[in-house]
Amino acid sequence: MNFKLTINRNTWLKCALLFIAAFICEFSVAQNKLILHEVAWLSPKSNLVDALSKQPAECLNPTAPAIASIGRIAFESPALLGGQAAKMELSCSGCHRAGRGNPDFFITPISTQPGTADITHSFFSSHGGDNKVSAVPIPDLAYQDQVSIKDRQSIEFRDKLSQLIEIEFDGQPAPKIILDGLQVYLANIDIIFCQTESNQTISLDQDWQRLMESVNALTIHTDHATNVFLIRAARKRLERIYLRFKTINNHKTEGQIIKLSRKLERLSLRNIDVKTQQKKLPQWMQTATLLHTKLKNSQDRSLYNIDIIKQNLMKK
Amino acid sequence: MNQVQKIVICAGLLLASFQHALADGGNSNDSELPSESISRFDPVKKYQQGIEHLKEKRYRKAQAAFKKVLSVARKDANTHFYLGLAYYHDGKLKKARKPFEKSIKYNKSNILAKGYLGATYLKLGHTEKASKQTAILLELEANCKNCTQLNDIKQSLQLIETALNGSETSLQMNFKTTNTGNKAYISAVKHINQGNYSNALAALNESATRFGPHPDILTYQGFANRKLGNYDIALDYYTQALTVDASHKGANEYLGEYYVELGNIEAAKNQLATLEKICNFGCEEAEELRRWIVSANPQ
């Protein structure tokens with residue numbers, strides 16, 4: 001080929017802009033990956049689109065005491081568990097979605113089939129397993145079977161919860177209020193309270209509501225242990241939202257979510273006193289509200305949108 | 001050629017060169033923000049590629065892959081061994097020698113490396129050194145009454161004998177599958193949780209054969225050694241894990257615990273600060289290390 005390539009300044013500018021546009025397009029495609037924590041414990045045989053976009057109806061007593069919301073926060077947060085489970089970002093709701101069961105749950109080696117788990121396996125517990133593979137179907141907690149535990153408000157059930165957290169899942173002893181809340185939450189999950197049997201869509205609104213419940217509870221529960229736990233749970237909820245928004249490839253938005261988490265960290269009673277925390281919380285709320293509006297406007301491009309989940313699964 | 005055509009050519013050339021750069025052995029960037037990117041080069045993936053090349057007898061490509069892995073994980077015994085294999089079966093005996101020696105240096109229980117090293121010495125005319133390897137293998141055989149390494153010992157002695165006879169050995173490796181590697185890893189975690197650290201190390205070594213210098217495996221190798229009181233070895237493994245992935249939460253946590261055990265609370269606090277920086281939303285690793293530091297230093 002024999003030609004003279006004379007490119008003037010304007011042409012270079014157009015060229016560069018075209019390159020940048022192409023780069024953003026290619027880079028965006030390369031970066032879109034399904035990086036939700038829950039993928040780690042879903043069976044590859046499951047309908048991932050459904051499993052990642054829907055969850056069962058929560059059968060919670062509408063007149064349950066307010067502390068049940070604290071229990072739900074703990075139930076849905078990896079902050080309650082410890083060891084391998086917490087490091088995998090697994091919470092109680094990993095097995096018991098919305099307090100029910102999970103037919104798609106599968107982790108080697110504690111599952112033999114989707115929907116089963118062996119919680120006495122030493123994979124999750126450093127207190128020693130029973131050296132037997134005894135995976136059982138994950139029970140739907142809305143069916144209070146009255147067999148293993150007759151009364152979820154009993155001391156026996158409370159002790160069972162503590163054992164599960166501390167022994168089976170290597171967690172730290174939960175603060176009293178958290179354990180109270182957890183017990184009340186589980187005592188008020190019952191099939192008779194189901195308003196619908198159909199699955200509900202996982203939504204930004206619900207995740208945001210849970211986030212706000214955690215943060216609002218800080219104004220009520222100012223004892224150190226509970227307060228620190230609630231901040232940990234709130235940050236983990238922000239992470240869940242963050243991961244759903246990774247697909248929009250807006251680094252500014254991602255940065256803002258991270259900033260909100262970092263601000264919560266600074267508000268932890270590990271770093272400041274109660275008075276200062278209570279003073280700074282409204283400011284955090286303001287920032288959060290602005291971000292929430294922004295997120296709502298772009299959620300159609302996030303993994304809260306079932307079509308985006310489908311697209312990303314195809315790219316995998 | 002008009003202006004539009006020039007622009008299209010220009011953009012096409014630039015895009016092609018960028019895609020080529022991205023495709024070079026790297027994985028896509030998993031970082032949460034671009035400024036927190038880890039290296040695009042993933043030594044674990046490169047190791048897997050090297051194994052595939054070796055299986056397919058693409059020795060030059062295997063050599064390139066393993067050399068790249070060693071640029072990051074220079075003490076990985078398995079990578080040295082497979083590099084040695086790639087050289088050996090490519091007829092590059094002088095180059096094969098050092099990787100086999102290093103493989104044994106970094107993992108004395110690598111029986112096949114001893115066999116291949118002995119065969120390499122023989123072919124290079126270092127008969128005394130070859131005899132030494134043979135003697136070591138014969139002693140192992142004598143002490144191995146149905147031990148798990150008997151097959152490897154026999155295979156190694158066979159390698160040396162074949163080299164002595166002037167015959168060629170074809171590549172006959174029992175490459176571990178991903179499933180086997182995963183099972184070994186899970187078994188290792190189980191052993192760790194049960195406090196059986198020696199068994200854990202054996203399982204981790206098996207898993208490492210499949211996955212190479214994986215930071216999860218390296219971290220647990222460090223942990224198990226630490227629990228056995230082998231502090232220097234533990235530190236070495238943590239350092240290797242962090243060389244492969246400086247943001248590895250487990251390695252940073254366990255390194256911090258190592259410092260607490262040695263009474264170096266300041267260094268442990270530095271590790272905690274590192275974890276808090278890595279974990280934008282908090283993490284169990286930071287919480288656990290914090291508990292360790294508080295326990296050791298209540299004020």
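Per chain, numbering begins at 1; letters A, B, ... match sequence-line order. Since the structure is predicted, the reported quantities are computational estimates derived from the model, not experimental observations.
Going from atom OG of Ser125(A) over to atom CD of Gln194(B) covers 9.5 Å, rounded to the nearest 0.5 Å. With rounding to the nearest 0.5 angstrom, the SG atom of Cys283(B) is 9.0 Å from the CD atom of Glu239(A). Between atom CZ of residue Phe229(A) and atom CD of residue Glu287(B) there is a gap of 10.5 Å, rounded to the nearest 0.5 Å.
The number of heavy atoms from other shown groups lying within 6.0 Å of NZ (Lys55(B)) is above 12. More than 12 heavy atoms of other residues, nucleotides or ligands lie within 6.0 Å of NZ in Lys87(A), so this atom counts as buried by the packing criterion. Within a 6.0 Å sphere centred on CG of Asp273(A), other residues, nucleotides and ligands contribute more than 12 heavy atoms.
A donor-acceptor pair is defined here as one N or O able to donate and one able to accept, closer than 3.5 Å; such a pair exists between the side chain of Ser261(A) and the backbone of Asn280(B). Looking only at distances, no side-chain donor or acceptor of Arg262(A) sits under 3.5 Å from a matching main-chain atom of Phe281(B).
In this structure, Gln172(A) and Arg291(B) have side chains that are in contact, with non-hydrogen atoms separated by less than 4.5 Å. A heavy-atom distance below 4.5 Å is found between the side chains of Arg232(A) and Glu284(B).
Proximity to chain B among residues 77-84 of chain A is limited to Leu81(A), Gly82(A), Gly83(A), Gln84(A), judged by heavy-atom separations below 4.5 angstrom.
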Only distances under 3.5 Å count here; give the side-chain donor-acceptor pairs of residues 107-114 of chain A to other protein atoms, sequence neighbours excluded, each with its distance to 0.1 Å.
unit_1    : atom_1 : unit_2    : atom_2 : d
Ser111(A) : OG     : Ile107(A) : N      : 3.1
Ser111(A) : OG     : Ile107(A) : O      : 3.4
Ser111(A) : OG     : Thr116(A) : O      : 2.7

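In terms of heavy-atom pairs under 4.5 angstrom with chain A, the leader among Lys183(B), His191(B), Lys249(B), Glu276(B) is Glu276(B). Looking only at heavy-atom pairs under 4.5 Å with chain A, the residue among Gly250(B), Gly195(B), Gly282(B) that has the most is Gly282(B).
For a residue to count as touching a neighbouring chain, one of its non-hydrogen atoms must lie under 4.5 Å from one of that chain's; by this rule Arg237(A) does not touch chain B.
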